[in-house]
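The structure appears right after this line, and notes come after that.
To find a chain, count down the sequence lines: A is the first, B the second, and so on, and within it residues start at 1.
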Protein chains: 2
Amino acid sequence: MALAPKFDADGLVTCVATDARSGDVLMVAHMNGEALQKTIATGEAWYFSRSRRALWRKGESSGHVQRVVEMRVDCDQDAVWIKVEQAGPGACHTGRRSCFYRTVPLRQPGAVTLEFRDGERTFDPKDVYGDK
Amino acid sequence: MALAPKFDADGLVTCVATDARSGDVLMVAHMNGEALQKTIATGEAWYFSRSRRALWRKGESSGHVQRVVEMRVDCDQDAVWIKVEQAGPGACHTGRRSCFYRTVPLRQPGAVTLEFRDGERTFDPKDVYGDK
């Protein structure tokens, strides 16, 4: 019953963040040991950005922090699930509540075209992140 | 709006499966191109087992198949979320409904000890998988 994360070759575990109220998946990201430790110690979500190769406190730019209501670890400890209270209008850098704002139609012949679902923007990324 | 999965160096995307009714995360696994295509075509969950290096129809051994109610893709298309109807008593190979049956206590000093949450077994893995 000890926490013994099984980090991958890059030193990361996968983290799924769901909305504590709706249950919707907000985002999938990664944590290194330090991000995991900081999340556990502070009760706020910290990740490791694979593109920036840097520790990342969720909301550090946008203010859209995530308060962790509960953290769980899976059977082989290579993934964690956090139920969060998402501050601000959304979790996604595109300006939506969730990163999962498009559906993939199932059991259709031919090319797959995505469809928006909950795709309306809840904030303008330019206002929040500037022109970065 | 085309489906254009961003596979990682191993040719995989991350897949989060949630229970379509409760919203609980059942498991986190991976799909290669073929698993994704088969899931889309059949509406049943197919994964790629990293340990066995093989395509894997969820439930092929246990009968605990997953009917996909909805599939979504995230903003950068390196993760998919499927809402599923889980057949049988559970998704986890340890004999539980979900792979996430242990919590990680937050904001506690000292060593982290996991706690069971929804940890009761809903089936006996030996009955389902034999001695594999």
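Using a 4.0 Å cut-off between charged side-chain N and carboxylate O, B:Arg50 and A:Asp8 make no salt bridge.
Residue with the most contacts toward chain B among A:Thr14, A:Thr42, A:Thr113, A:Val104: A:Val104 (heavy-atom pairs, distance under 4.5 Å). The most heavy-atom pairs under 4.5 Å with chain B, out of A:Leu106, A:Val25, A:Thr18, come from A:Val25. Ranked by non-hydrogen atom pairs under 4.5 Å with chain B, the options A:Leu3, A:Asp78, A:Val28 are led by A:Leu3. Ranking B:Asp24, B:Thr39, B:Thr94 against chain A, the residue ahead of the rest is B:Asp24, based on heavy-atom pairs under 4.5 Å. Across A:Cys92, A:Ala111, A:Gly23, A:Cys99, the residue that shares the most heavy-atom pairs under 4.5 angstrom with chain B is A:Cys99.
In this structure, A:Trp56 is not a member of the same hydrophobic cluster as A:Leu12, with clusters built from ILVMFWY side-chain heavy atoms closer than 4.5 Å. Cluster annotation: A:Val73 and A:Met31 are assigned to the same hydrophobic cluster (Ile/Leu/Val/Met/Phe/Trp/Tyr, side-chain heavy-atom contacts under 4.5 Å, transitive). Put simply, A:Met27 and A:Val65 are part of two different groups of oily side chains (I, L, V, M, F, W, Y) that touch within less than 4.5 Å, one to the next. When the side chains of ILVMFWY residues are joined at heavy-atom separations under 4.5 Å, either directly or via intervening members, B:Phe100 and A:Met1 end up in two distinct hydrophobic clusters. Hydrophobic clustering, with ILVMFWY side chains joined whenever heavy atoms are under 4.5 angstrom apart, groups A:Leu36 together with A:Val84.
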Mind running side chain to side chain contact (heavy atoms under 4.5 Å, CB included) on A:Leu114 and B:Gln77 for me, showing each step along the way? CA-CA 11 Å; A:Leu114 305 177; B:Gln77 298 209 34; 3.6 Å; yes
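Contact annotation for A:Thr103: both backbone and side-chain heavy atoms come within less than 4.5 Å of a heavy atom of chain B. With a 4.5 angstrom heavy-atom cutoff, A:Val80 touches chain B only via backbone atoms. Looking at A:Ala79, the atoms closer than 4.5 Å to chain B (heavy atoms on both sides) sit in the backbone and in the side chain alike. For A:Val16, the part lying near chain B is the side chain, with the backbone staying farther off; criterion is any non-hydrogen pair under 4.5 Å.
The minimum heavy-atom distance linking A:Pro105 with B:Ile40 is given by the pair O-CG2, 3.6 Å. Among all heavy-atom pairs drawn from B:His93 and A:Cys75, the shortest one is CE1-SG, 3.7 Å.
Taken from CG in A:Leu26 to CG in B:Asp74, the straight-line distance is 12.0 Å, to the nearest 0.5 Å.
Of the possible polar contacts, none joining the A:Arg102 side chain to the B:Arg72 backbone as a donor-acceptor pair under 3.5 Å is found.
Under a cut-off of 6.0 angstrom, the local environment of NE2 in B:His64 is crowded, with over 12 non-hydrogen atoms contributed by other residues, nucleotides or ligands.
Within residues 115-124 of chain B, the residues having any heavy atom closer than 4.5 Å to a heavy atom of chain A are B:Glu115, B:Phe116, B:Arg117, B:Asp118, listed by residue number.
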